[in-house]
Amino acid sequence: MYWSRFTAKVGVIGTFIALARLAVADCECGYSVNKTTDVEHLVFTDLLESDFTTLKNIKVDQDWVLQDWKVDKNASRGPYGRETKPENAVSNPAKDLNISDEGVNGRQAGLELYVRKVQEGDEYVSVVEADSYRSDMMYGSFRAGLKTTGLNGTCGAFFWYLNDTQEIDMEFLSSQFNDTTSPVNLVLHSVLSLENGGDASGTPTFKVIQLPFEADKGVHEYRFDWQPDKVTFYADGKWIADMTDKRYIPSAPGKIVISHWSNGHPHWSAGPPEEDAIMLVQYVKAYFNTTSEQRAKDHAERCIDPTAPNAICQIPDQKGPPKLARTPGEERTYFFSQDPGNNKTVDQPVWGDIESGRKSSAPKLPTKGVYRSIAITIVLALLSQLL
C-alpha cells in the first residue's frame with residue numbers, strides 16, 4: 001500500500017516537472033522562418049505587425065513616425081527638391097473586410113502614400129515617408145503588402161535603413177513599368193554607392209529583377225530576409241534573388257521605412273508625375289532580433305524553454321498575392337497579432353485598438369523565477385507528504 005502511494009505521488013511530481021517544460025504561452029521564445037527542425041531555419045525574438053486595412057488614422061499609430069523634412073534640389077540630387085509631409089500619408093480603412101477590401105475612400109483599403117503633382121514654379125515635390133519607431137532591428141524577415149503606382153515619375157520603396165552605407169532596398173520605378181515589363185530594383189547601399197554619389201547601379205549589390213506580375217495592378221507581398229552573411233529577396237513568397245557579399249551586408253541595427261517620392265531625376269525616379277500618384281500599402285510585418293537591452297531582458301524572462309512545444313512559432317509563408325478581405329474560399333494573410341485562438345504576441349508591442357489605431361503591449365508573463373518558485377513549492381509540498 002505504501003509503495004503504491006509513493007509511486008503515485010512520484011508520478012504526480014513527474015507530471016508537474018513535465019508540465020514545467022511546456023510553453024506558458026505560444027511564441028514566447030520567438031518566430032521562425034521555416035520549421036525549427038529544418039536544417040535551414042532562422043529564429044527572431046520580436047515582431048512588428050501593422051494591418052493598414054483596419055487602421056483608422058496613421059497619425060496616432062505608435063509604431064510609425066511620419067516624416068516632416070525638406071531638402072533642396074542639390075541635396076536631393078535632382079531637378080527638384082523634396083518636401084516630405086505627414087499629410088501625404090492617408091489612412092483608408094476597409095468598410096467591411098467580411099465583404100471586401102474596399103476602403104471608406106472608395107479605393108482599395110490600406111495606407112495611401114502620395115506623391116503630389118507639381119505646380120508651375122514649384123521647386124519641391126511633395127512626397128511621403130513613414131519610419132518605424134523602433135530602430136533596434138538587427139537581422140530579420142521583413143514583409144510588405146503593397147501596390148505601386150502606375151503613373152510615370154515616382155519611386156516607391158520598402159527598405160531597412162541605418163545610414164547611406166547600410167541600407168537594404170526594394171524599390172519600384174514607375175517609369176520602368178509597361179505592358180511587358182514590371183521590375184523591382186534590389187539594392188544594398190554601401191560605401192561603394194556613397195562614393196558614387198548615392199548611385200548603386202554600378203555596384204555588385206544592385207540587381208534588377210523582372211516580376212512575374214504587374215506590380216501596379218494589384219497588391220503583392222515583397223520580402224527580404226537579412227542574415228549576417230546573406231540577404232534573400234522574395235515576391236509573393238517565391239525566391240527572386242540572393243546577395244551574399246559579406247563586405248556589403250549591413251551589420252548594425254536600424255529601422256524599417258516605407259516611402260514614395262520623386263525628384264525628377266531622369267535616371268531614377270523620373271517625373272515628377274503629372275497628377276497625384278498613390279502607392280498603396282496594406283500591411284508591414286517584421287520579425288527580427290533586437291539590440292535593445294530591455295527587449296532582450298524581456299525575452300530572456302518570458303522564454304522559459306525554447307524546446308517546449310509552441311515556444312517558437314513558424315511564420316507562415318505568403319503563397320501568391322495576399323488577401324486581406326475575409327471572403328469565403330480565400331485564405332486571409334496571417335497576422336500573429338490577430339490570431340483568433342491563443343495569444344501569440346505575449347509581451348510584444350502589438351497593434352490593438354481598432355477605433356483609435358493605438359498600439360498596446362500584450363500582457364507580460366511571470367518571469368522564469370516565479371515559475372521555478374511555483375514548481376519547487378509544489379514538489380516540496382508533495383515530498384513532505386511522502387516522509
Side-chain angles (χ1 to χ4, degrees), residues 52-53 55 57-59 64 66-73 75-95 100-130 144-159 169-185 211 213-220 222 257-284 321 324:
F52 295 121
T53 67
L55 185 66
N57 187 356
I58 183 64
K59 294 178 177 63
W64 297 94
L66 296 177
Q67 299 300 293
D68 188 356
W69 47 260
K70 187 176 183 178
V71 294
D72 64 21
K73 64 182 181 180
S76 184
R77 302 191 183 103
Y80 291 87
R82 282 185 280 166
E83 187 170 10
T84 301
K85 295 183 175 182
E87 55 263 36
N88 288 335
V90 178
S91 294
N92 181 26
K95 295 177 181 177
S100 74
D101 67 349
E102 181 184 1
V104 295
N105 296 341
R107 296 174 294 275
Q108 196 170 9
L111 180 64
E112 298 178 335
L113 302 181
Y114 280 83
V115 174
R116 304 294 183 178
K117 69 176 182 179
V118 296
Q119 304 297 329
E120 185 176 353
D122 284 351
E123 296 181 1
Y124 295 85
V125 184
S126 183
V127 300
V128 63
E129 177 180 311
L146 62 88
K147 179 173 68 175
T148 67
T149 184
L151 295 175
N152 179 66
T154 78
C155 175
F158 168 56
F159 59 105
D169 269 330
M170 301 186 79
E171 297 191 62
F172 306 89
L173 306 180
S174 59
S175 62
Q176 295 178 333
F177 297 156
N178 56 48
D179 292 339
T180 60
T181 181
S182 184
V184 57
N185 296 267
L211 297 167
F213 48 75
E214 295 179 90
D216 60 319
K217 296 298 192 293
V219 174
H220 297 273
Y222 303 94
V257 181
I258 46 177
S259 70
H260 195 201
W261 61 274
S262 178
N263 64 358
H265 195 296
H267 300 305
W268 195 249
S269 74
E274 295 182 355
E275 57 184 278
D276 291 351
I278 302 172
M279 182 174 81
L280 175 70
V281 184
Q282 289 199 319
Y283 64 84
V284 172
L324 274 294

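Here, residue 1 is the first one in the sequence, and each next residue gets the next number. The figures here come from the full heavy-atom set of this structure, side chains too, leaving out hydrogens, waters and symmetry mates.
In terms of heavy atoms, K59 sits closest to A89 at NZ-O, 3.6 Å. Across every non-hydrogen atom of V90 and Y114, the tightest pair is CG2-CE1, 3.7 Å. Counting all heavy atoms, side chain and backbone alike, P272 lies closest to V125 at CG-CG2, 3.6 Å. Of all non-hydrogen atoms in E112 and N105, the two that sit nearest each other are OE1-ND2, 4.1 Å. In terms of heavy atoms, K117 sits closest to E274 at CD-O, 3.4 Å.
Judged by distance alone, the side chain of S262 and the main-chain N or O of G153 form a donor-acceptor pair under 3.5 Å. In this structure, Q282 contributes its side chain and A109 its backbone to a donor-acceptor pair below 3.5 Å.
We find the CG-OG distance between L151 and S174 to be 7.0 Å, quoted to the nearest 0.5 Å. Interatomic distance, OG1 of T180 versus CD of E214, reported as 9.0 Å (0.5 Å rounding). Interatomic distance, CG of L113 versus CE of M279, reported as 5.0 Å (0.5 Å rounding). Once rounded to the nearest 0.5 Å, the distance linking NE2 of H267 with OG of S175 reads 11.0 Å. Distance check, rounded to the nearest 0.5 Å: OG1 of T148 to NZ of K217 gives 8.5 Å. Put simply, CG on D216 and CG on L146 are 11.5 Å apart, with the number rounded to the nearest 0.5 Å.
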task: Report the C-alpha distance between I278 and R107 in whole Å, list the side-chain angles of each, state the deciding distance to 0.1 Å, and finish with yes or no for side-chain contact (heavy atoms from CB on, under 4.5 Å).
output: CA-CA 11 Å; I278 302 172; R107 296 174 294 275; 4.0 Å; yes

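Taking 4.5 Å as the limit, every side-chain heavy atom of L111 sits out of range of all side-chain heavy atoms of W64. Counting only heavy atoms from C-beta outward, the side chains of C155 and L173 approach each other to under 4.5 Å. At least one side-chain heavy atom of N92 sits under 4.5 Å from a side-chain heavy atom of V104. Side-chain contact between F172 and T149 is absent, with no heavy atoms from C-beta onward closer than 4.5 Å. Side-chain atoms of Y124 and D72, non-hydrogen and from C-beta on, do get closer than 4.5 Å to each other. The shortest side-chain heavy-atom distance between F177 and P183 falls under the 4.5 Å cut-off. Using a 4.5 Å cut-off on side-chain heavy atoms (C-beta onward), V184 and F158 make no contact. A 4.5 Å side-chain heavy-atom check between W268 and R77 finds every atom pair outside the cut-off.
Listed by first and then second residue, the side-chain hydrogen bond (donor to acceptor under 3.5 Å, both in side chains) pairs involving residues 80-91 are S76-R82, N88-R116, N88-S126 (not counting sequence neighbours).
By the side-chain hydrogen bond (donor to acceptor under 3.5 Å, both in side chains) test, Q108 pairs with D101, K147, sequence neighbours left out.
The aromatic rings of H220 and F213 lie parallel to each other, their planes meeting at an angle below 30°, with 60° marking the opposite boundary.
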